[in-house]
Visitor: 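The structure under discussion is supplied below as structure tokens; questions concerning it will follow.
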Amino acid sequence: MVPRIPRAYPTLSAGKGSLQGPYGVRPYAYTPDGRPRAVALWTRAAGAFPHFRSTCMAHPVETVRHSLSHVMAEAVVKLYPGTKVAIGPAIADGFYYDFQLPAPLQPEDLPAIEKEMRRIIAANAAFKRVEVSKAEALKIFADEPFKVELIEGLEDGSISIYEQGSFRDLCRGPHVDSTRDLRPDSFKLRSIAGAYWRGDEKRPMLTRIYAYAFSSKAELEAHLKMLEEAEKRDNRKLGKELDLFSTHEEAGPGLIYWHPKGARFRVELENWWRDEHYKNGYELLFTPHIGKSWLWETSGHLGFYKEGMYPPMEMDGDKYYAKPMNCPFHILIYKNGVHSYRDLPLRWGELGTVYRYERAGALHGLMRVRGFTQDDAHIICTPEQIEDEIAEVLRFSLAMWKTLGFNEIKAYLATKPKDSVGEQERWDTALESLRKAVAKENLPYEMDEGGGAFYGPKIDLKVKDAIGREWQMTTIQFDFNEPERFDMTYVDADGQKKRPYMVHRALLGSIERFFGVYIESTAGAFPVWLSPEQVAVIPVGLDFADYAKDVAAELKREGFRASAMLSDDRMNAKIRNAQGQKVPYMLVVGAKERDEGTVSIRLRDGRQLEPMALAGFKDYLRDKIARKSLEL
RNA sequence: GCCCUUGUAGCUCAGUUGGCAGAGCACAUCCAUGGUAAGGAUGAGGUCAACGGUUCGAUUCCGUUCGAGGGCUCCA
């Protein structure tokens, strides 16, 4: 019953390196002895022009990454005697290895490890696979407590060891044949991080070294370049530079302050959101920010989600909680009266601000916050209506993403987990309606078997941003829990009380997080309809300040966001400033423009339009805004 | 919360084995009247995150606290 707001990071990959590998995951297979089969002879990365250098192409990149992790482990063990090794898998963009080190490692130590790795690679050591019994394995790794623990969990007869150079590791494989198959220029050690042994915070904290690794130097460089681009677009950086928002640790971390320019964006976005909802059959609600504890007991939040909630405040002997979700309030409105099947479906939306406790270390700019506004809605309908309703909400969502300029969208369909509530029949109809809706929209999708919440199946949509990263935004979730717990009913044609279906959906997800993603995808260069400042009027010299003022005033009168730049900076500096602020249109005016009543137009990307009459420019601007044009 | 890194002017950062605190941008004043990405001069601006310790002396060394950044999902 807790529709999870999309995580801060794209879920296929994470964190700062949150860029999905540009080529996705490649299918490959292994022969029984653990060698890659011929299917993986070349990578899609190499496309139609595979290198015929078999040594670098004979192994899938996952194998290369994993083998590199062994090489890194060898280097670390050699450089830091006494190191205990844990695990070192291949991951989305590279690999990591977890160690227990005799002394803390500094980032400055990484180059030395890299150097040692290159030496090992150059030494051309073969990877040898040996099968051993459990008893033998325990003996061999007697000095490695983490390996011992792993071995204890394994079945006898299935244990293999890989050895290269001076390093021996418990490993399922497969590996490349020899370190010569690894390219010294296609990996880079990335960072040092703490990680609990087996992800359990009660177990020892190990030191994890992350690395990027690819099949070729070109791919590594492309990846590093994308990371660099991502860093330039970082929402925290642009938020400061463009004066969009701030956070105030002294007043509470993870809470967003929207400055005038950010607020202008938000108001335009929300106005559009409301219009679209009214046009598409929704009614909008406003509900309180806090409610008594019985609400959250009934909904189940206090049972399942308490650690995600802000602690209660006491008032008149009652406990009030800040809402982590809007649904119980919407349900109260529903239950305020008796509903006939003729009233359904109800589509009730709210830009509802919720508060959730996120661990301090998880907070991140606009992406992961403690207070945020969901563009939430609940659809309450009869079983007969559910299929159409799901198809409709999906269509609506895709239309909104299209307007916002996101065209690459992928669906993830999550089905019933082991522990769940609700009758099987409901799960079946629900899943069927999700499946049909996705098919109707021709959306590429992946199944996530058993990945649904216990209270119902769902579709999540991931959108791809301008630099190829995927972000989970929209979520459409069935809820078989709350209608039951709150005893929601409607009266059917036969006069019987029946249980309605309820669907939670958030299209943009959270307004804060959407803003973050949008800032990063557009690099702060918003389309004109969302730009906080649409027009900067720049006089060539202060002699023309009056004309500049007149032009700006006339634009403002008609509702455009325009201002004249009248400081004593030179024109060049004003252009530079306006461009740096990503103002879409700069109107440069001097004697010629004043005398002819025209404006000379410079776009923020440096292009220039033919000078036009002010009236003509207004029409031009009006049209771009009305169409929500993505082009200037 | 835990691991590593980090905290100096509004912003971005420098600060050399401990000796009166620095730059660029932004801001203010003055000069400069200009045609598509930075004109010039002057000035103001800091209890060097906070607290404690070592020292004749701490922004600098040590400790604690608070905040920020990267991680803590990928399972031999």
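Residue numbering restarts at 1 for every chain, and letters A, B, ... go by the order of the sequence lines. These values consider heavy atoms only, across backbone and side chains, with no hydrogens, waters or symmetry-generated copies.
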Visitor: Kindly indicate whether the side chain of A:Q608 and the base of B:G35 share any N or O donor-acceptor pair separated by less than 3.5 Å?
Guide: no
Visitor: How far does the C1' atom of B:G24 sit from the matching atom of B:C62, given to the nearest Å?
Guide: 34 Å
Visitor: Who pairs with A:D243 by side chain to side chain donor-acceptor pair (under 3.5 Å), at least two apart in sequence or on another chain?
Guide: A:H259
Visitor: In whole angstroms, how far is the C1' atom of B:A76 from the CZ atom of A:F99?
Guide: 14 Å
Visitor: Roughly how many Å is it from CZ in A:R576 to C1' in B:G39, rounded to a whole number?
Guide: 14 Å
Visitor: Could you check if a side-chain atom of A:M205 sits within less than 4.5 angstrom of a side-chain atom of A:W197, using non-hydrogen atoms only?
Guide: no
Visitor: Give A:I159 one of three labels, base, sugar-phosphate or nothing, depending on what nucleic acid heavy atoms sit under 4.0 Å from its own.
Guide: base
Visitor: Would you kindly give the CZ-to-P distance between A:F146 and B:C75, to the nearest whole Å?
Guide: 18 Å
Visitor: Would you list the protein and nucleotides 2-4 of chain B atom pairs, both N or O, that sit under 3.5 Å from each other?
Guide:
residue : atom : partner : partner atom : Å
B:C2    : O4'  : A:Y196  : OH           : 3.3
B:C3    : O2   : A:G194  : N            : 3.0

Visitor: What is the distance, to the nearest angstrom, from the CE atom on A:M367 to the P atom on B:G70?
Guide: 11 Å
Visitor: Applying a 3.5 angstrom cut-off to the pairing atoms, does RNA chain B sit in any stems of at least three consecutive Watson-Crick or G-U pairs? List them by first number.
Guide: B:1-7 with B:66-72, B:10-13 with B:22-25, B:27-31 with B:39-43, B:49-53 with B:61-65
Visitor: Take the protein atom CZ of A:R190 and the nucleotide atom P of B:C74, then report the distance between them rounded to whole Å.
Guide: 14 Å
Visitor: Using only side-chain N and O atoms of A:Y97, determine if any of them is under 4.0 Å from OP1 or OP2 of B:A76.
Guide: no
Visitor: With rounding to the closest Å, how many angstrom separate the P atoms on B:U60 and B:U64?
Guide: 15 Å
Visitor: Can you check whether A:F146 reaches A:K84 side chain to side chain, under 4.5 Å on heavy atoms?
Guide: yes
Visitor: Polar-atom pairs under 3.5 Å, protein N or O versus N or O of nucleotides 27-33 of chain B: list them with distances, or write none.
Guide:
residue : atom : partner : partner atom : Å
B:A32   : N1   : A:D568  : O            : 3.3

Visitor: Between B:U8 and B:U59, how many Å separate the two C1' atoms, rounded to a whole number?
Guide: 7 Å
Visitor: Please report the distance separating the C1' of B:C72 from the corresponding atom of B:C25, rounded so that it comes out in whole Å.
Guide: 37 Å
Visitor: Which part of the nucleic acid, if any, lies within reach of A:A90 when heavy atoms closer than 4.0 Å are counted: base, sugar-phosphate only, or nothing?
Guide: sugar-phosphate
Visitor: Can you name the residues that form a ring-ring contact (aromatic ring centres under 6.0 Å, His included) with A:Y97, not counting sequence neighbours?
Guide: A:F99
Visitor: Detail all sub-3.5 Å separations between protein N/O atoms and N/O atoms belonging to nucleotides 64-68 of chain B.
Guide:
residue : atom : partner : partner atom : Å
B:G67   : O3'  : A:E249  : OE1          : 3.4
B:A68   : OP1  : A:E249  : OE1          : 2.6

Visitor: Could you tell me the separation between the CD1 atom of A:I601 and the C1' atom of B:G35, rounded to a whole number of Å?
Guide: 15 Å
Visitor: Between A:Q581 and A:R604, do the side chains contain an N or O donor and an N or O acceptor separated by less than 3.5 Å?
Guide: no
Visitor: Side chains of A:R65 and A:I91: does their closest heavy-atom pair fall under 4.5 Å?
Guide: no
Visitor: Taking side chain to side chain donor-acceptor pair (under 3.5 Å) as the definition, give me every residue that meets it alongside A:E593, ordered by chain and number, with sequence neighbours left out.
Guide: none
Visitor: NA contact type, A:E593, heavy-atom cut-off 4.0 Å: base, sugar-phosphate, or nothing?
Guide: base
Visitor: Could you tell me which residues satisfy side chain to side chain donor-acceptor pair (under 3.5 Å) with A:T415, sequence neighbours excluded, listed by chain and number?
Guide: A:E449
Visitor: Taking only the C1' atom of each, what is the distance from B:U54 to B:A14 in whole angstrom?
Guide: 27 Å
Visitor: Considering the options A:I113, A:V85, A:T207, which one meets the side-chain contact (heavy atoms from CB on, under 4.5 Å) requirement together with A:V76?
Guide: A:I113
Visitor: Can you spot which of A:R368, A:H364, A:R370 makes a side-chain hydrogen bond (donor to acceptor under 3.5 Å, both in side chains) with A:E358?
Guide: A:R368
Visitor: Sequence neighbours excluded, which residues qualify as ring-ring contact (aromatic ring centres under 6.0 Å, His included) partners of A:F265?
Guide: A:F515, A:Y518, A:F526
Visitor: Sticking with atom C1', work out how far B:C48 lies from B:C13, rounded to a whole angstrom.
Guide: 14 Å
Visitor: Got a sec, which residues hit ring-ring contact (aromatic ring centres under 6.0 Å, His included) with A:F617, two or more places apart in sequence or on another chain?
Guide: A:Y585
Visitor: Is A:R602 close enough to B:U36 that one of its side-chain N or O atoms is under 4.0 Å from OP1 or OP2 there?
Guide: no
Visitor: Roughly how many Å is it from CG in A:N577 to C1' in B:C25, rounded to a whole number?
Guide: 11 Å
Visitor: Take the protein atom CD of A:E62 and the nucleotide atom P of B:C75, then report the distance between them rounded to whole Å.
Guide: 12 Å
Visitor: So A:K574, base contact, sugar-phosphate only, or nothing? Heavy-atom distance under 4.0 Å.
Guide: nothing
Visitor: Mapping A:G365 and A:G580 onto RNA chain B by nearest heavy atom, which one lands closer to the 5' end?
Guide: A:G580
Visitor: Would you please classify the geometry between the A:Y310 ring and the A:Y357 ring as parallel, tilted or perpendicular, with 30° and 60° separating the classes?
Guide: perpendicular
Visitor: Is any N or O donor-acceptor pair between the side chain of A:S600 and the base of B:U36 shorter than 3.5 Å?
Guide: yes
Visitor: Does B:A76 have OP1 or OP2 sitting under 4.0 Å from an N or O in the side chain of A:H70?
Guide: no
Visitor: Can you list everything that forms a side chain to side chain donor-acceptor pair (under 3.5 Å) with A:Q100? Sequence neighbours excluded, please.
Guide: none
Visitor: Determine the Euclidean distance between corresponding P atoms of B:A9 and B:G15; express it in Å to zero decimal places.
Guide: 15 Å
Visitor: Regarding A:R594 and the six-membered ring of A:Y547, is the cationic atom NZ or CZ under 6.0 Å from the ring centre and inside 45° of its axis?
Guide: no
Visitor: So which heavy atom on A:E533 is nearest to which on A:V583, and how close?
Guide: O-CG1, 3.7 Å
Visitor: Are any protein N/O atoms closer than 3.5 Å to N/O atoms in nucleotides 10-14 of chain B? If there are, list each pair with its distance.
Guide:
residue : atom : partner : partner atom : Å
B:U12   : OP1  : A:K240  : NZ           : 3.2

Visitor: Over all heavy atoms of both residues, which pair between A:M309 and A:P324 is shortest? Give the atoms and the distance, please.
Guide: CG-CG, 3.7 Å
Visitor: How about A:Y196 and A:R198: does a side-chain donor come under 3.5 Å of a side-chain acceptor?
Guide: no
Visitor: From C-beta outward on A:I575, which listed nucleotide comes closest to its side chain: B:A76, B:U36, B:G35?
Guide: B:U36
Visitor: Between B:G40 and B:G57, how many Å separate the two P atoms, rounded to a whole number?
Guide: 46 Å
Visitor: Evaluate whether atom NZ of A:K618 has more than 12 neighbouring non-hydrogen atoms of other residues, nucleotides or ligands under 6.0 angstrom away.
Guide: yes
